[in-house]
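This report refers to the structure that appears directly beneath it.
If you read the sequence from its start, that first residue is 1, and numbering goes on from there. Atoms within each ligand, like the ligands themselves, are counted from 1 in listed order. Just so it is clear, the values below take in all heavy atoms, side chains as well, and ignore hydrogens, waters and symmetry mates.
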Amino acid sequence: MKETMVLDRIDEILASRTYDEFRRRLADSDCPRCALCESRTHIVVSRGNPKAKIMVIGEAPGEKEDLQAKAFVGRAGQVFDQIMASIGLDTNRDMYITNIVKCRPPGNRAPQKAEAEACRPFLEKQLQIIRPKVIVLLGATALRYIAPGIKSFSMKEKAGTLFDIPAFPGAKFMVFYHPAAVFYNSTLRTAMWEHAKILKQFLHDVSSR
Ligand code: URA
């Protein structure tokens with residue numbers, strides 16, 4: 001009986017016809033699809049503008065996000081906001097920000113495969129509603145889960161490049177270092193500012209076509 005109720009609720013979230021409906025239903029759902037439900041405070045659906053053309057996908061909510069029910073509002077989010085501001089992007093106005101999993105993993109560990117798979121229908125629904133033209137992935141974990149077909153890659157080579165993923169036609173992808181990784185690493189930080197300039201140039205090129 002409980003199982004049926006859960007399935008009905010998930011179906012209802014995935015059947016949402018508007019973004020607001022989806023966000024509200026998921027946030028209020030008490031989703032039990034993976035073990036992260038046991039330790040979370042809130043389901044963190046997103047932050048930013050659902051009408052934006054750029055979607056940002058991080059790994060998982062951290063402590064601040066879990067408490068505030070908003071993606072990337074902690075220190076990593078502030079670093080990302082700053083870097084995007086340097087290329088003229090306001091993350092709340094110009095971007096829609098979410099994560100591979102919507103609930104905080106204990107101790108901020110990376111999400112596990114089963115957790116990412118359990119949450120995947122929600123991410124797919126977000127992609128279907130938002131229909132982004134550009135998808136920015138923050139960190140190797142986001143890339144690994146979005147594109148399991150890309151078997152092995154080095155962030156040194158992949159970060160800052162623009163690429164396609166056949167499963168998501170119509171969107172250009174770019175992977176950045178995770179902003180939490182650049183706190184204490186000035187080499188990665190410098191690289192991330194350079195990668196932001198590549199994104200800016202790409203956005204400029206597509207807007208003038
Ligand atoms: N790190 C992430 O990957 N996502 C968040 O929302 C916060 C920190």
Distance-only side-chain donor-acceptor flag, Asn108 / Arg104, under 3.5 Å: yes
Ring-ring centroid check Tyr96 Tyr19, cutoff 6.0 Å: yes
Looking only at heavy atoms of Arg47, does any of them come nearer than 4.0 Å to an atom of ligand 1? no
Parallel, tilted or perpendicular for Phe72 and Phe80, by the 30°/60° rule? tilted
Geometric N/O contact Phe72 with ligand 1, under 3.5 angstrom: yes
With heavy atoms under 4.0 Å as the rule, classify the contact between Glu65 and ligand 1 as side chain, backbone, both or neither. side chain
Considering only heavy atoms, does Ala60 approach ligand 1 within less than 4.0 Å through its side chain, its backbone, both, or neither? backbone
Do any heavy atoms of Leu138 fall under 4.0 Å from ligand 1? no
Over 12 foreign heavy atoms within 6.0 Å of NZ, Lys53: no
Which residue in the set Ile57, Thr161, Ile135, Val136 passes side chain to side chain contact (heavy atoms under 4.5 Å, CB included) when paired with Phe173? Ile135
